[in-house]
Amino acid sequence: MSNSPQTIINIKELVGILPKNQLLKKGLQMNEISTINDAFLKINEGIIEDFGSMKDLNLTETQNIFDANQGLVLPSWNDSHTHLVFAKSREKEFIDKINGLSYQEIAKRGGGILNSVKHLEEINENLLFEQSKKKLSDLIKLGTGAIEIKSGYGLSLEGELKILRTVQKLKENFNINIKSTFLGAHAIPLEFKKNRNGYIDLLINEMLPNIAKENLADYIDVFCETNYFSVEELDLILKAGNKYNLKPKVHVNQFTSIGGIKKAIEYNAVSVDHLEVMKENDINELKNSDTIATLLPSCSFFINIPYAPANKLINNDIAFALASDYNPGSSPNGNMNLVNSIACINMKVLPQTAINASTINGAYAMEISELTGSITVGKQANLILTKPTESYPYLLYSFGENCIEKTMVKGKWYN
Ligand code: NIG
Ligand code: FE
(Lines give C-alpha, C1' and ligand atoms only; values in the text may rest on other atoms or scores of the structure.)
(Ligands and ions follow the chains in the order given, each with its own letter.)
Protein backbone atom coordinates (compact mmCIF):
# COMPACT_ATOMS: atom_id res chain seq x y z
CA MET A 1 0.00 0.00 0.00
CA SER A 2 2.59 2.51 1.11
CA ASN A 3 4.68 2.09 -2.01
CA SER A 4 1.78 2.33 -4.42
CA PRO A 5 1.80 5.47 -6.57
CA GLN A 6 0.54 8.57 -4.88
CA THR A 7 0.04 12.19 -5.82
CA ILE A 8 0.39 15.06 -3.40
CA ILE A 9 -1.90 17.88 -4.51
CA ASN A 10 -2.51 21.49 -3.43
CA ILE A 11 1.08 22.21 -2.46
CA LYS A 12 1.27 25.95 -1.80
CA GLU A 13 4.94 26.05 -2.77
CA LEU A 14 7.18 23.21 -3.94
CA VAL A 15 10.71 24.20 -2.91
CA GLY A 16 14.18 23.04 -3.92
CA ILE A 17 13.75 21.88 -7.51
CA LEU A 18 16.99 20.95 -9.27
CA PRO A 19 17.98 19.34 -12.56
CA LYS A 20 19.22 15.77 -12.26
CA ASN A 21 22.83 16.58 -13.06
CA GLN A 22 23.28 19.25 -10.39
CA LEU A 23 24.70 17.54 -7.33
CA LEU A 24 25.90 20.64 -5.47
CA LYS A 25 25.26 24.36 -5.13
CA LYS A 26 28.38 26.48 -4.99
CA GLY A 27 29.06 30.12 -4.21
CA LEU A 28 26.37 32.49 -5.50
CA GLN A 29 24.26 29.58 -6.78
CA MET A 30 23.52 28.97 -3.14
CA ASN A 31 21.51 32.20 -3.00
CA GLU A 32 18.99 30.92 -5.53
CA ILE A 33 16.31 28.29 -5.15
CA SER A 34 13.79 27.08 -7.66
CA THR A 35 10.13 26.76 -6.63
CA ILE A 36 6.66 26.17 -8.12
CA ASN A 37 3.52 27.69 -6.59
CA ASP A 38 0.28 25.66 -6.41
CA ALA A 39 2.02 22.45 -7.26
CA PHE A 40 1.56 18.69 -7.32
CA LEU A 41 4.14 15.93 -6.82
CA LYS A 42 3.81 12.30 -7.93
CA ILE A 43 5.61 9.49 -6.18
CA ASN A 44 6.01 5.91 -7.36
CA GLU A 45 7.98 3.11 -5.66
CA GLY A 46 9.45 5.63 -3.23
CA ILE A 47 10.81 7.79 -6.04
CA ILE A 48 9.74 11.22 -7.30
CA GLU A 49 8.06 10.48 -10.62
CA ASP A 50 6.73 13.86 -11.70
CA PHE A 51 5.85 17.32 -10.41
CA GLY A 52 4.45 20.54 -11.76
CA SER A 53 1.70 23.09 -11.58
CA MET A 54 -1.75 22.03 -10.30
CA LYS A 55 -3.30 23.44 -13.45
CA ASP A 56 -1.36 20.92 -15.52
CA LEU A 57 -2.37 17.91 -13.44
CA ASN A 58 -4.53 15.21 -15.01
CA LEU A 59 -6.04 13.13 -12.26
CA THR A 60 -7.26 9.63 -13.06
CA GLU A 61 -9.73 8.00 -10.69
CA THR A 62 -7.41 5.27 -9.56
CA GLN A 63 -4.75 7.59 -8.20
CA ASN A 64 -4.00 7.71 -4.53
CA ILE A 65 -4.37 11.38 -3.61
CA PHE A 66 -2.90 13.17 -0.63
CA ASP A 67 -4.06 16.75 -0.09
CA ALA A 68 -1.25 19.00 1.16
CA ASN A 69 -3.89 21.55 2.09
CA GLN A 70 -1.69 24.55 1.16
CA GLY A 71 1.34 23.29 3.04
CA LEU A 72 4.80 23.62 1.50
CA VAL A 73 6.84 20.64 0.33
CA LEU A 74 10.61 20.65 0.42
CA PRO A 75 13.39 18.04 0.42
CA SER A 76 14.09 16.66 3.89
CA TRP A 77 17.13 17.88 5.80
CA ASN A 78 20.43 16.09 5.23
CA ASP A 79 22.32 16.46 8.50
CA SER A 80 25.90 15.62 7.56
CA HIS A 81 27.63 16.06 10.95
CA THR A 82 26.33 14.60 14.22
CA HIS A 83 27.49 12.73 17.30
CA LEU A 84 23.98 11.34 17.92
CA VAL A 85 25.09 8.16 19.71
CA PHE A 86 26.01 9.41 23.18
CA ALA A 87 25.07 7.99 26.55
CA LYS A 88 24.08 10.99 28.62
CA SER A 89 23.40 14.71 28.55
CA ARG A 90 25.83 17.20 30.18
CA GLU A 91 23.68 19.94 31.65
CA LYS A 92 26.08 20.45 34.55
CA GLU A 93 28.52 21.93 32.04
CA PHE A 94 25.72 24.15 30.80
CA ILE A 95 25.59 25.70 34.27
CA ASP A 96 29.41 26.00 34.31
CA LYS A 97 29.16 27.88 31.01
CA ILE A 98 26.54 30.24 32.37
CA ASN A 99 28.86 30.87 35.29
CA GLY A 100 31.59 31.96 32.91
CA LEU A 101 33.72 28.93 32.00
CA SER A 102 34.62 28.41 28.36
CA TYR A 103 34.32 25.12 26.44
CA GLN A 104 38.10 24.64 26.68
CA GLU A 105 38.22 25.44 30.40
CA ILE A 106 35.54 22.86 31.08
CA ALA A 107 37.52 20.31 29.07
CA LYS A 108 40.69 21.08 31.05
CA ARG A 109 38.85 20.29 34.29
CA GLY A 110 38.06 16.79 33.01
CA GLY A 111 34.64 17.73 31.68
CA GLY A 112 33.85 17.87 28.00
CA ILE A 113 34.47 14.92 25.70
CA LEU A 114 36.13 12.84 28.45
CA ASN A 115 33.00 13.19 30.55
CA SER A 116 30.97 11.63 27.75
CA VAL A 117 33.60 8.89 27.45
CA LYS A 118 32.95 7.96 31.09
CA HIS A 119 29.19 7.92 30.47
CA LEU A 120 29.63 5.69 27.45
CA GLU A 121 31.72 3.20 29.38
CA GLU A 122 28.91 2.85 31.93
CA ILE A 123 26.01 2.25 29.56
CA ASN A 124 25.19 -1.12 28.03
CA GLU A 125 24.86 -1.45 24.31
CA ASN A 126 21.14 -2.29 24.32
CA LEU A 127 20.20 0.81 26.25
CA LEU A 128 22.51 2.91 24.08
CA PHE A 129 20.68 1.58 21.03
CA GLU A 130 17.21 2.18 22.50
CA GLN A 131 18.11 5.77 23.41
CA SER A 132 19.68 6.43 20.02
CA LYS A 133 16.65 4.98 18.26
CA LYS A 134 14.39 7.40 20.11
CA LYS A 135 16.64 10.38 19.30
CA LEU A 136 16.79 9.48 15.62
CA SER A 137 13.06 8.91 15.38
CA ASP A 138 12.41 12.33 16.94
CA LEU A 139 14.74 13.95 14.39
CA ILE A 140 13.02 12.27 11.45
CA LYS A 141 9.76 13.81 12.65
CA LEU A 142 11.60 17.15 12.64
CA GLY A 143 12.47 16.68 8.99
CA THR A 144 15.83 14.91 8.96
CA GLY A 145 15.89 12.45 6.08
CA ALA A 146 19.58 11.48 6.07
CA ILE A 147 22.21 11.70 8.75
CA GLU A 148 25.89 11.16 9.45
CA ILE A 149 26.80 9.83 12.91
CA LYS A 150 30.28 9.78 14.45
CA SER A 151 31.91 7.68 17.11
CA GLY A 152 34.45 9.40 19.37
CA TYR A 153 33.07 8.89 22.87
CA GLY A 154 34.63 5.43 23.20
CA LEU A 155 38.35 6.19 22.78
CA SER A 156 39.09 2.50 23.33
CA LEU A 157 38.60 -0.45 20.99
CA GLU A 158 35.51 -1.67 22.91
CA GLY A 159 34.06 1.81 23.31
CA GLU A 160 34.44 2.80 19.67
CA LEU A 161 33.01 -0.55 18.56
CA LYS A 162 30.07 -0.05 20.92
CA ILE A 163 29.15 3.22 19.21
CA LEU A 164 29.78 2.08 15.66
CA ARG A 165 27.83 -1.16 16.16
CA THR A 166 24.98 0.96 17.48
CA VAL A 167 25.13 3.10 14.34
CA GLN A 168 25.14 -0.12 12.32
CA LYS A 169 21.94 -1.22 14.10
CA LEU A 170 20.38 2.16 13.36
CA LYS A 171 21.22 1.61 9.69
CA GLU A 172 19.42 -1.74 9.86
CA ASN A 173 16.38 -0.39 11.71
CA PHE A 174 15.70 2.83 9.83
CA ASN A 175 14.85 3.41 6.22
CA ILE A 176 16.72 6.74 5.99
CA ASN A 177 20.25 7.12 4.59
CA ILE A 178 22.81 6.89 7.41
CA LYS A 179 26.59 7.31 7.17
CA SER A 180 28.98 6.36 9.97
CA THR A 181 32.28 7.99 10.79
CA PHE A 182 35.12 6.70 12.95
CA LEU A 183 36.29 9.53 15.23
CA GLY A 184 38.75 7.69 17.49
CA ALA A 185 40.87 10.86 17.36
CA HIS A 186 38.35 12.99 19.25
CA ALA A 187 40.50 13.44 22.38
CA ILE A 188 43.38 11.68 24.12
CA PRO A 189 41.82 9.42 26.78
CA LEU A 190 42.96 9.90 30.40
CA GLU A 191 45.00 6.70 30.62
CA PHE A 192 47.12 7.87 27.64
CA LYS A 193 47.61 11.42 28.88
CA LYS A 194 51.35 10.92 29.20
CA ASN A 195 51.59 8.66 26.18
CA ARG A 196 49.72 10.18 23.25
CA ASN A 197 51.77 8.24 20.71
CA GLY A 198 50.62 5.08 22.45
CA TYR A 199 47.02 6.09 21.87
CA ILE A 200 47.58 6.97 18.22
CA ASP A 201 49.29 3.60 17.82
CA LEU A 202 46.28 1.85 19.30
CA LEU A 203 43.96 3.81 17.05
CA ILE A 204 45.90 2.97 13.90
CA ASN A 205 46.92 -0.59 14.64
CA GLU A 206 43.96 -1.96 16.61
CA MET A 207 40.88 0.14 16.27
CA LEU A 208 41.07 0.84 12.54
CA PRO A 209 41.66 -2.77 11.41
CA ASN A 210 38.87 -4.09 13.62
CA ILE A 211 36.43 -1.42 12.52
CA ALA A 212 37.32 -2.04 8.89
CA LYS A 213 36.96 -5.81 9.36
CA GLU A 214 33.38 -5.38 10.57
CA ASN A 215 32.78 -2.73 7.91
CA LEU A 216 31.53 -0.29 10.53
CA ALA A 217 32.71 3.03 9.12
CA ASP A 218 32.15 4.98 5.92
CA TYR A 219 34.49 7.86 6.86
CA ILE A 220 37.30 8.83 9.19
CA ASP A 221 37.41 11.98 11.33
CA VAL A 222 39.99 13.73 13.53
CA PHE A 223 39.50 16.68 15.88
CA CYS A 224 42.46 18.66 14.52
CA GLU A 225 42.83 21.49 17.02
CA THR A 226 45.24 23.07 19.50
CA ASN A 227 45.29 20.83 22.61
CA TYR A 228 43.63 17.95 20.70
CA PHE A 229 45.33 16.53 17.57
CA SER A 230 48.08 18.27 15.57
CA VAL A 231 48.36 18.46 11.80
CA GLU A 232 51.17 15.86 11.91
CA GLU A 233 48.89 13.51 13.83
CA LEU A 234 46.05 14.26 11.40
CA ASP A 235 48.39 13.25 8.59
CA LEU A 236 49.29 9.93 10.26
CA ILE A 237 45.68 9.05 11.00
CA LEU A 238 44.31 10.01 7.58
CA LYS A 239 47.10 8.01 5.94
CA ALA A 240 46.09 4.98 7.98
CA GLY A 241 42.41 5.51 7.14
CA ASN A 242 43.27 5.77 3.48
CA LYS A 243 44.52 2.16 3.53
CA TYR A 244 41.00 1.09 4.42
CA ASN A 245 39.40 3.41 1.87
CA LEU A 246 38.00 5.67 4.56
CA LYS A 247 37.73 9.19 3.18
CA PRO A 248 38.09 12.05 5.66
CA LYS A 249 35.38 14.27 7.10
CA VAL A 250 37.25 16.27 9.70
CA HIS A 251 36.85 18.73 12.57
CA VAL A 252 39.10 21.72 11.80
CA ASN A 253 39.43 25.44 12.59
CA GLN A 254 36.95 25.46 15.47
CA PHE A 255 39.13 27.53 17.81
CA THR A 256 42.40 27.99 15.90
CA SER A 257 43.67 27.79 12.33
CA ILE A 258 46.65 25.41 12.34
CA GLY A 259 46.71 23.97 8.82
CA GLY A 260 44.14 21.18 9.11
CA ILE A 261 42.16 22.29 6.06
CA LYS A 262 45.16 22.06 3.74
CA LYS A 263 46.09 18.64 5.07
CA ALA A 264 42.53 17.29 4.84
CA ILE A 265 42.26 18.47 1.23
CA GLU A 266 45.52 16.66 0.41
CA TYR A 267 43.67 13.49 1.45
CA ASN A 268 40.62 14.36 -0.70
CA ALA A 269 38.43 15.03 2.29
CA VAL A 270 34.72 14.88 1.54
CA SER A 271 34.20 17.75 3.97
CA VAL A 272 35.99 20.04 6.41
CA ASP A 273 33.74 20.91 9.32
CA HIS A 274 33.36 23.80 11.82
CA LEU A 275 35.52 26.59 10.26
CA GLU A 276 34.67 29.20 12.85
CA VAL A 277 38.22 30.58 12.62
CA MET A 278 39.42 31.07 9.04
CA LYS A 279 42.58 32.65 7.66
CA GLU A 280 43.02 33.80 4.05
CA ASN A 281 45.09 30.74 3.18
CA ASP A 282 42.32 28.44 4.47
CA ILE A 283 39.86 30.14 2.11
CA ASN A 284 42.30 29.78 -0.79
CA GLU A 285 42.79 26.07 -0.12
CA LEU A 286 39.05 25.45 -0.15
CA LYS A 287 38.49 27.55 -3.25
CA ASN A 288 40.66 25.22 -5.29
CA SER A 289 39.21 21.92 -4.08
CA ASP A 290 36.15 19.65 -4.34
CA THR A 291 35.93 19.45 -0.57
CA ILE A 292 32.78 20.98 0.86
CA ALA A 293 32.77 23.15 3.99
CA THR A 294 30.31 22.12 6.70
CA LEU A 295 29.18 24.86 9.06
CA LEU A 296 27.62 24.23 12.47
CA PRO A 297 25.77 27.34 13.64
CA SER A 298 24.06 25.76 16.65
CA CYS A 299 27.52 24.94 18.08
CA SER A 300 28.54 28.61 17.81
CA PHE A 301 25.24 29.60 19.35
CA PHE A 302 25.49 27.19 22.28
CA ILE A 303 29.12 27.71 23.30
CA ASN A 304 29.26 31.37 22.31
CA ILE A 305 32.06 31.26 19.78
CA PRO A 306 32.30 33.11 16.45
CA TYR A 307 30.20 31.94 13.53
CA ALA A 308 31.87 30.55 10.41
CA PRO A 309 32.11 33.25 7.70
CA ALA A 310 29.35 31.87 5.47
CA ASN A 311 29.07 34.87 3.14
CA LYS A 312 32.81 35.02 2.69
CA LEU A 313 32.72 31.41 1.51
CA ILE A 314 29.90 32.25 -0.90
CA ASN A 315 31.79 35.23 -2.29
CA ASN A 316 34.80 33.00 -2.88
CA ASP A 317 32.70 30.49 -4.85
CA ILE A 318 32.96 27.87 -2.11
CA ALA A 319 30.14 25.44 -1.30
CA PHE A 320 28.99 24.84 2.23
CA ALA A 321 26.56 22.54 4.00
CA LEU A 322 24.82 23.25 7.29
CA ALA A 323 24.65 20.53 9.93
CA SER A 324 23.55 20.25 13.55
CA ASP A 325 26.70 18.83 15.21
CA TYR A 326 24.19 17.19 17.59
CA ASN A 327 26.24 16.24 20.69
CA PRO A 328 25.95 16.64 24.46
CA GLY A 329 28.75 19.19 24.83
CA SER A 330 28.72 21.84 22.15
CA SER A 331 25.33 21.43 20.47
CA PRO A 332 22.64 19.51 22.35
CA ASN A 333 20.31 20.14 19.43
CA GLY A 334 19.58 18.03 16.38
CA ASN A 335 16.69 20.12 15.09
CA MET A 336 17.73 21.29 11.64
CA ASN A 337 14.90 23.83 11.46
CA LEU A 338 16.54 25.67 14.32
CA VAL A 339 19.99 25.25 12.76
CA ASN A 340 18.65 26.95 9.62
CA SER A 341 17.12 29.80 11.60
CA ILE A 342 20.35 30.40 13.52
CA ALA A 343 22.26 30.45 10.23
CA CYS A 344 19.93 33.12 8.87
CA ILE A 345 19.98 35.22 12.03
CA ASN A 346 23.64 35.01 13.02
CA MET A 347 25.52 34.04 9.86
CA LYS A 348 23.35 36.44 7.84
CA VAL A 349 22.55 33.98 5.10
CA LEU A 350 19.27 34.12 3.18
CA PRO A 351 16.56 31.51 3.89
CA GLN A 352 17.05 29.89 0.48
CA THR A 353 20.81 29.71 1.09
CA ALA A 354 20.26 27.91 4.39
CA ILE A 355 17.80 25.50 2.77
CA ASN A 356 20.21 24.71 -0.09
CA ALA A 357 22.99 24.16 2.45
CA SER A 358 20.83 21.77 4.49
CA THR A 359 19.39 19.79 1.60
CA ILE A 360 21.41 19.35 -1.61
CA ASN A 361 24.74 20.39 -0.07
CA GLY A 362 24.16 18.27 3.05
CA ALA A 363 23.59 15.33 0.71
CA TYR A 364 26.83 16.15 -1.14
CA ALA A 365 28.67 16.17 2.19
CA MET A 366 27.53 12.54 2.66
CA GLU A 367 28.09 11.61 -1.01
CA ILE A 368 24.41 10.87 -1.58
CA SER A 369 23.33 13.83 -3.66
CA GLU A 370 22.62 11.58 -6.65
CA LEU A 371 19.93 9.95 -4.52
CA THR A 372 18.41 12.75 -2.48
CA GLY A 373 18.57 16.41 -1.48
CA SER A 374 16.30 18.05 -4.05
CA ILE A 375 12.98 17.85 -5.84
CA THR A 376 14.20 15.99 -8.90
CA VAL A 377 12.53 13.28 -10.96
CA GLY A 378 14.24 9.98 -10.14
CA LYS A 379 15.40 10.93 -6.65
CA GLN A 380 14.09 9.38 -3.45
CA ALA A 381 10.89 10.95 -2.14
CA ASN A 382 12.42 12.20 1.12
CA LEU A 383 10.21 15.15 1.92
CA ILE A 384 8.99 17.65 4.46
CA LEU A 385 5.34 18.71 4.32
CA THR A 386 4.60 21.82 6.36
CA LYS A 387 1.38 23.09 7.88
CA PRO A 388 -0.45 25.64 5.70
CA THR A 389 2.20 28.32 5.11
CA GLU A 390 2.49 31.29 2.76
CA SER A 391 6.10 30.75 1.61
CA TYR A 392 9.37 29.15 2.73
CA PRO A 393 11.08 32.12 4.49
CA TYR A 394 8.39 31.82 7.18
CA LEU A 395 9.78 28.44 8.22
CA LEU A 396 13.08 29.98 9.32
CA TYR A 397 11.70 33.31 10.51
CA SER A 398 9.33 31.60 12.95
CA PHE A 399 12.30 30.05 14.71
CA GLY A 400 10.67 28.42 17.71
CA GLU A 401 7.65 27.01 15.92
CA ASN A 402 7.41 23.50 14.60
CA CYS A 403 5.95 24.13 11.15
CA ILE A 404 6.19 20.50 10.06
CA GLU A 405 2.98 18.59 9.42
CA LYS A 406 4.49 15.29 8.27
CA THR A 407 7.70 13.88 6.89
CA MET A 408 8.15 11.28 4.17
CA VAL A 409 10.96 8.73 3.90
CA LYS A 410 11.42 7.02 0.53
CA GLY A 411 7.76 7.48 -0.37
CA LYS A 412 6.29 6.52 3.02
CA TRP A 413 4.82 8.97 5.51
CA TYR A 414 6.73 8.65 8.77
CA ASN A 415 4.85 8.34 12.05
O1 NIG B 1 31.97 19.02 17.13
N2 NIG B 1 34.69 19.79 18.63
C3 NIG B 1 34.72 18.61 18.87
N4 NIG B 1 33.70 17.76 19.04
C5 NIG B 1 32.34 18.14 19.24
C6 NIG B 1 32.04 18.41 20.68
C7 NIG B 1 32.10 17.19 21.48
C8 NIG B 1 31.72 17.34 22.91
O9 NIG B 1 31.90 18.41 23.52
O10 NIG B 1 31.24 16.33 23.43
C11 NIG B 1 32.00 19.27 18.31
O12 NIG B 1 31.75 20.42 18.72
FE1 FE C 1 31.32 17.67 15.84
Side-chain angles (χ1 to χ4, degrees), residues 79-94 96-97 101-121 123 135 147-155 159-160 163 167 179-190 219-230 233-234 237 248-258 260-261 264 269-277 293-308 321-334 336 339 342 362 365-366:
D79 190 352
S80 63
H81 180 139
T82 84
H83 309 245
L84 174 132
V85 177
F86 57 86
K88 219 172 156 206
S89 58
R90 301 200 322 243
E91 57 272 30
K92 208 186 141 290
E93 294 173 16
F94 178 54
D96 292 339
K97 261 177 243 146
L101 289 185
S102 71
Y103 181 81
Q104 291 108 308
E105 284 163 343
I106 291 168
K108 269 204 195 102
R109 287 172 150 203
I113 295 167
L114 294 184
N115 210 350
S116 286
V117 172
K118 225 183 302 154
H119 297 154
L120 192 100
E121 233 170 74
I123 196 171
K135 284 181 193 139
I147 194 167
E148 181 260 13
I149 306 173
K150 300 170 193 300
S151 66
Y153 292 128
L155 309 187
E160 290 296 297
I163 302 177
V167 179
K179 295 282 184 172
S180 55
T181 301
F182 170 51
L183 175 55
H186 200 189
I188 297 284
L190 270 185
Y219 301 112
I220 188 161
D221 192 349
V222 174
F223 186 15
C224 180
E225 184 56 66
T226 308
N227 293 330
Y228 289 86
F229 291 88
S230 68
E233 291 165 341
L234 175 69
I237 295 165
K249 279 172 75 66
V250 293
H251 285 74
V252 285
N253 294 52
Q254 183 177 6
F255 301 109
T256 53
S257 166
I258 57 174
I261 292 182
V270 173
S271 68
V272 286
D273 303 27
H274 272 289
L275 279 48
E276 288 86 346
V277 176
T294 298
L295 314 184
L296 312 165
S298 59
C299 170
S300 294
F301 176 76
F302 187 72
I303 65 172
N304 273 309
I305 60 171
Y307 286 82
L322 289 172
S324 72
D325 198 16
Y326 186 23
N327 77 77
S330 69
S331 180
N333 164 63
M336 285 294 289
V339 168
I342 299 174
M366 294 186 273

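Start at 1 and go down the list; that is how both ligands and their atoms are numbered. We number each residue from 1, following the sequence as shown. Keep in mind that what you see is a predicted model, and the values were worked out from it rather than measured.
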* Among T181, T82, D221, which one satisfies side chain to side chain donor-acceptor pair (under 3.5 Å) with K150? -> D221
* Under 3.5 Å, is there a donor-acceptor pair between the Q104 and N227 side chains? -> no
* Look at C299 and state whether any of its N, O or S atoms is less than 2.8 Å from the Fe ion (ligand 2). => no
* Structure fact -> If you compare F302, Y153, Y326, F86 by their heavy atoms, the one closest to atom 10 (O) of ligand 1 turns out to be Y153
* Checking side-chain contact (heavy atoms from CB on, under 4.5 Å) against V250, which of I261, V272, I237 comes through? -> V272
* Are more than 12 heavy atoms from other residues, nucleotides or ligands located less than 6.0 Å from atom CZ of F301? -> no
* To do: Report the nearest protein non-hydrogen atom to atom 11 (C) of ligand 1: residue, atom name, distance rounded to 0.1 Å.
  => D325 OD2, 3.2 Å
* Record the part of E225 in heavy-atom contact with ligand 1 below 4.0 Å; permitted values are side chain, backbone, both and neither. => neither
* To do: Measure from NZ or CZ of K135 to the centre of the six-membered ring of F86, then state whether that distance is under 6.0 Å and the direction lies within 45° of the axis.
  => yes
* Asked: Between D325 and H81, do the side chains contain an N or O donor and an N or O acceptor separated by less than 3.5 Å?
  -> yes
* Structure fact -> re atom 12 (O) of ligand 1, the protein heavy-atom contact at minimum distance is S330 OG, 2.5 Å
* Structure fact -> The atoms of ligand 1 lying under 4.0 Å from a heavy atom of Y103, numbered in the order shown, are 6 (C), 7 (C), 8 (C), 9 (O)
* May I ask you to test the I303-C299 pair for a side-chain heavy-atom distance under 4.5 Å? => yes
* Does D325 bring an N, O or S atom to within less than 2.8 Å of the Fe ion (ligand 2)? -> yes
* Asked: Is the Fe ion (ligand 2) less than 2.8 Å from at least one N/O/S atom of H251?
  -> yes
* Check H81 and report its N/O/S atom nearest to the Fe ion (ligand 2), by atom name. => NE2
* Asked: Purely on distance, is any nitrogen or oxygen of S116 under 3.5 Å from one on ligand 1?
  -> no
* To do: Please write down residue, atom name and distance for the protein heavy atom closest to atom 2 (N) of ligand 1.
  => Q254 OE1, 2.7 Å
* Atom CG in L155, atom NE2 in H186: separation rounded to 0.5 Å? -> 8.0 Å
* Could you tell me the residue and atom name of the protein heavy atom closest to atom 4 (N) of ligand 1, and the distance to it rounded to 0.1 Å? => H186 NE2, 2.8 Å
